[in-house]
Amino acid sequence: MIDQKKAENAVRMLLEAIGEDPDREGLRDTPERIARMYTEILHGMQEDGSQHLQRTFSSDNTGILLEKDITFYSLCEHHMLPFYGKAHVAYIPDGKVVGLSKLARCVEVYAARLQMQERMTDQIADALMENLGCKGVMVVTEAEHTCMTMRGVKKPGAKTVSIAVRGAFREDEKLQDRFFSMLKMK
């Protein structure tokens, strides 16, 4: 749980450090607003992403199940600036499946943390393997990092792609090819 008072004090100190007056009209409530914002956008730090994968359904399906274009927003742990993009999550069931919205919820929990994109991608893949007992999992995330677009090198539009491959997807390149062809389907 985020300590609201500590967060408010930290924001107040930051405003003072950059030469602002935290008591002026436009900034008076800013420390409280920012503390509430961090509680909202970092809710995943208090949650386990696999909790959404607990309720499963029996299924004879043995083909690739893909949920693509899952929008996510996260904060880079190096600069505490946003990165955002899409996650594409596929798995090959082994007797059980999970509701599709649960895949999106799993992505959301891992994104709602101070995060590295590569770690987030791995966490999603590992949660599916461990909780669904899948034959294989493949997760691709693509994101724009504002720490790279609005500061530093300043290259808006540059995307970072991270891939996690587990089980049958790791062992069979044809499955990986099938995954990528499914991503291109309209």
Side-chain angles (χ1 to χ4, degrees), residues 38 40-56 61 63-94 96-153 155-185:
Y38 276 115
E40 178 185 340
I41 65 177
L42 296 175
H43 68 87
M45 295 182 71
Q46 317 307 321
E47 297 178 39
D48 177 3
S50 66
Q51 71 183 346
H52 298 291
L53 304 174
Q54 300 305 308
R55 178 142 190 229
T56 60
N61 187 306
I64 298 171
L65 295 173
L66 169 65
E67 182 73 17
K68 63 183 183 176
D69 296 328
I70 302 168
T71 301
F72 69 86
Y73 301 92
S74 192
L75 282 182
C76 162
E77 69 180 29
H78 300 124
H79 300 98
M80 290 182 68
L81 286 172
F83 68 94
Y84 56 92
K86 305 272 187 193
H88 314 290
V89 179
Y91 69 100
I92 301 171
D94 191 12
K96 58 184 177 178
V97 295
V98 67
L100 294 177
S101 70
K102 303 307 183 190
L103 298 176
R105 290 186 191 282
C106 180
V107 169
E108 180 182 310
V109 168
Y110 289 116
R113 302 175 174 188
L114 291 179
Q115 194 57 280
M116 286 177 29
Q117 182 178 340
E118 305 91 291
R119 181 189 312 121
M120 180 184 79
T121 306
D122 284 336
Q123 287 171 332
I124 296 163
D126 292 340
L128 264 70
M129 283 299 286
E130 291 167 16
N131 291 278
L132 299 182
C134 308
K135 293 178 183 175
V137 172
M138 191 158 171
V139 177
V140 173
T141 60
E142 50 185 302
E144 186 166 331
H145 292 249
T146 60
C147 58
M148 194 174 128
T149 62
M150 68 180 281
R151 60 156 303 279
V153 72
K155 297 297 177 200
K159 297 262 169 68
T160 300
V161 176
S162 181
I163 301 173
V165 183
R166 307 285 187 271
F169 281 103
R170 180 179 287 169
E171 299 156 11
D172 187 345
E173 281 191 36
K174 288 181 184 177
L175 285 174
Q176 291 181 33
D177 292 343
R178 174 71 187 212
F179 170 88
F180 287 116
S181 71
M182 290 173 74
L183 282 183
K184 293 176 187 172
M185 295 169 59

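The shown structure was predicted, so the numbers you read here are calculated from the model rather than taken from an experiment.
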What are the two closest heavy atoms between [X] and [Y], and how far apart are they?
{"X": "Leu81", "Y": "Cys147", "result": "CD1-CA, 3.7 Å"}
{"X": "Glu67", "Y": "Leu103", "result": "CB-CD1, 3.8 Å"}
{"X": "Gln117", "Y": "Thr160", "result": "NE2-O, 3.0 Å"}
{"X": "Ile92", "Y": "Ala168", "result": "CD1-CB, 4.2 Å"}

List the residues meeting side-chain hydrogen bond (donor to acceptor under 3.5 Å, both in side chains) with [X], not counting sequence neighbours, and say none if there are none.
{"X": "Ser74", "value": "none"}
{"X": "Ser50", "value": "Asp48"}
{"X": "Thr149", "value": "none"}

Residues in side chain to side chain contact (heavy atoms under 4.5 Å, CB included) contact with [X], at least two apart in sequence or another chain:
{"X": "Lys86", "answer": "Asp69, Thr71, His88, Glu142"}
{"X": "Glu47", "answer": "His43, Gln51, His52, Val109"}
{"X": "Pro93", "answer": "Asn61, Leu65, Tyr91, Val97"}

What pairs of donor and acceptor atoms, side-chain ones from residues 130-139 against any protein atom, are under 3.5 angstrom apart with sequence neighbours left out?
residue: Asn131; atom: OD1; partner: Gln54; partner atom: NE2; Å: 2.9
residue: Asn131; atom: ND2; partner: Ala127; partner atom: O; Å: 2.8

Any [X] side-chain heavy atom under 4.5 Å of [Y] side chain:
{"X": "Ile64", "Y": "Leu175", "value": "yes"}
{"X": "Gln176", "Y": "Asp172", "value": "no"}
{"X": "Leu75", "Y": "Gln115", "value": "no"}
{"X": "Phe72", "Y": "Glu108", "value": "no"}
{"X": "Val89", "Y": "Leu66", "value": "no"}

Partners of His145 by ring-ring contact (aromatic ring centres under 6.0 Å, His included), sequence neighbours excluded?
Phe83

ring-ring contact (aromatic ring centres under 6.0 Å, His included) partners for Tyr110, two or more places apart
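For Tyr110 there are no ring-ring contact (aromatic ring centres under 6.0 Å, His included) partners, ignoring immediate neighbours.
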
What pairs meet the ring pair (Phe, Tyr, Trp, His ring centres under 6.0 Å) rule with one or both residues in residues 155-174, with sequence neighbours excluded?
none

Looking at residues at least two apart in the chain, or sitting in another chain, which of them share a salt bridge (Lys or Arg N to Asp or Glu O under 4.0 Å) with Glu77?
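Checked Glu77 against salt bridge (Lys or Arg N to Asp or Glu O under 4.0 Å); matches are Arg119.
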
Going by the rule salt bridge (Lys or Arg N to Asp or Glu O under 4.0 Å), which residues pair with Arg166 if we only count those two or more places apart in sequence or in a different chain?
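Salt bridge (Lys or Arg N to Asp or Glu O under 4.0 Å) list for Arg166, sorted by chain: Asp122, Asp126.
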
Is the side chain of Lys68 donor-acceptor paired with the backbone N or O of Leu183 at a distance under 3.5 Å, no angle test?
yes

Is there a donor-acceptor pair under 3.5 Å between the side chain of Lys159 and the backbone N or O of Gly85?
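Checked: no pair found.
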
Between the CE atom in Met182 and the CG atom in Asp177, the distance rounded to the nearest 0.5 Å is 13.0 Å

Out of curiosity, Gln123 CD to Met116 CE, how far, rounded to the nearest 0.5 Å?
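It is 10.0 Å, given to the nearest 0.5 Å.
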
Do other residues, nucleotides or ligands put more than 12 heavy atoms under 6.0 Å from the CZ atom of Phe180?
yes

Would Glu118 and Ser162 count as having a side-chain donor-acceptor pair, cut-off 3.5 Å?
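Side chains of Glu118 and Ser162: no pair found under 3.5 Å.
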
